[in-house]
Each structure stands twice: as structure tokens, then as C-alpha cells.
Amino acid sequence: MQCLSSRTSAAVRSGARPMQAVAPRPVRNVACDAASLQFIKGVAEPTVPEVRLTRSRTGANGTAIFVFENPSIFQASGEMGDITGLFMVDDEGTLSTTDVKAKFINGKPQAIEAKFNMRSQFEWDRFMRFMDRYAVENNLGFEK
């Protein structure tokens with residue numbers, strides 16, 4: 001079966017010689033990685049954090065603060081390696097920050113807080129695309 005564009009069909013109806021039909025291109029199946037947050041590269045953190053966003057009035061700068069209450073990485077970090085930052089991984093690539101702090105109560109780790117700074121409109125837009133994907137994966141919503 002040949003696939004002709006509407007211009008080709010109009011040319012055929014008007015008596016002109018039809019253009020050569022182009023074989024359809026094979027469809028590339030690209031597997032999209034799920035958006036995930038990782039403290040150790042390659043190890044997704046299943047705990048869903050509270051995320052707070054701030055943005056300057058001009059929109060040039062912004063900050064995202066992630067708070068993970070009792071993340072599973074506390075139980076596994078010794079076996080898998082050290083926490084080296086927060087990595088936000090999706091099909092576009094990886095965003096990362098090394099501004100990560102642990103909170104302790106009575107000598108036991110209770111929470112991790114990570115801060116991601118965005119210094120341009122491009123970085124803000126990229127972060128929001130990641131968060132859209134992460135929200136879909138984890139059934140999250142947005143509140144002002």
C-alpha cells in the first residue's frame with residue numbers, strides 16, 4: 001500500500017504526473033525511563049518527598065527544597081555506597097545537587113533535606129518538566 005500526501009492526491013486528480021510515494025519510516029520505539037529521585041546513582045528512592053518551590057519575582061532564579069521523611073536510603077546506604085547528592089533522573093537526562101543534609105533526632109537519622117537551585121529560566125523549565133514526569137509517576141498534585 002502506498003501512502004500519498006494530500007498534495008499528491010490533488011495532483012493526480014488534476015491530471016498531473018503523481019509524485020513518487022515515499023516508504024513510511026520505521027517507527028522508533030524509545031523506552032522512556034520513569035522519572036526518579038536518587039541519592040546513589042542508579043538506586044531510585046521510593047520515598048516520595050515533600051517539595052517546596054520558591055521563585056524570584058523576575059523568574060530568573062528559583063529554589064526547590066525536597067524533604068524526605070524516613071527515606072529508605074538510611075537502611076541501605078551502607079551496602080550500596082555513600083549518599084553523594086540528589087539526582088533527578090528522567091528521559092531528558094539528570095539534574096543534580098550536592099546540597100543534601102541529614103536531620104537526626106536522638107542520634108538516629110530521621111529526614112533528608114536537599115536543596116536544588118535554578119539560576120535561569122531554562123533551568124526552571126527543565127526542572128518543571130522533570131517534576132511533571134515525577135508527579136505523574138507518583139500521583140502527586142500541585143498546591144499554591
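Numbers here are sequence positions counted from 1.
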Subject >> Of N138, V67, L37, the residue whose pairing with P49 passes side chain to side chain contact (heavy atoms under 4.5 Å, CB included) >> reply: L37

Original post:
If we only count heavy atoms from C-beta on, is the R55 to N61 side-chain gap below 4.5 Å?
Top reply: no

Subject >> Atom pair NZ (K103) and CD1 (I112), whose distance is rounded to the nearest 0.5 Å >> reply: 11.5 Å

**OP:** State plainly whether one hydrophobic cluster holds both L140 and L95, where clusters connect Ile, Leu, Val, Met, Phe, Trp and Tyr through side-chain heavy atoms under 4.5 angstrom apart.
**Re:** yes

Original post:
What is the ring orientation for F127 with W124, classed by angle as parallel under 30°, tilted 30 to 60°, or perpendicular over 60°?
Top reply: tilted

Subject >> From CE (M128) to CZ (R126), nearest 0.5 Å >> reply: 12.5 Å

**OP:** Determine, for R52 against E50, whether the closest basic-nitrogen to carboxylate-oxygen distance falls under 4.0 angstrom.
**Re:** yes

Original post:
In terms of hydrophobic clustering (I, L, V, M, F, W, Y; side-chain heavy atoms under 4.5 Å; direct or indirect links), are F39 and I65 co-clustered?
Top reply: no

Subject >> More than 12 heavy atoms from other groups under 6.0 Å of CZ on F104 >> reply: yes

Original post:
Quick one: does E69's side chain get under 4.5 Å of T47's, heavy atoms only?
Top reply: no

Subject >> Residue pair T58 / S56, side-chain donor-acceptor N/O under 3.5 Å >> reply: yes

Original post:
So do L86 and F68 actually touch side chain to side chain, heavy atoms under 4.5 Å?
Top reply: yes

Subject >> From CZ (F116) to CE (M88), nearest 0.5 Å >> reply: 4.5 Å

**OP:** Determine whether the side chains of E45 and S36 contain a donor N or O and an acceptor N or O closer than 3.5 Å.
**Re:** no

Original post:
About how many Å separate NZ of K115 and OG1 of T98, when rounded to the nearest 0.5 Å?
Top reply: 12.0 Å

**OP:** Can you measure from CD1 (I83) to CZ (F74) and round to the nearest 0.5 angstrom?
**Re:** 6.0 Å

**OP:** Using a strict cut-off of less than 4.0 Å between a Lys/Arg side-chain nitrogen and an Asp/Glu carboxylate oxygen, indicate whether D90 and R129 qualify as a salt bridge.
**Re:** no

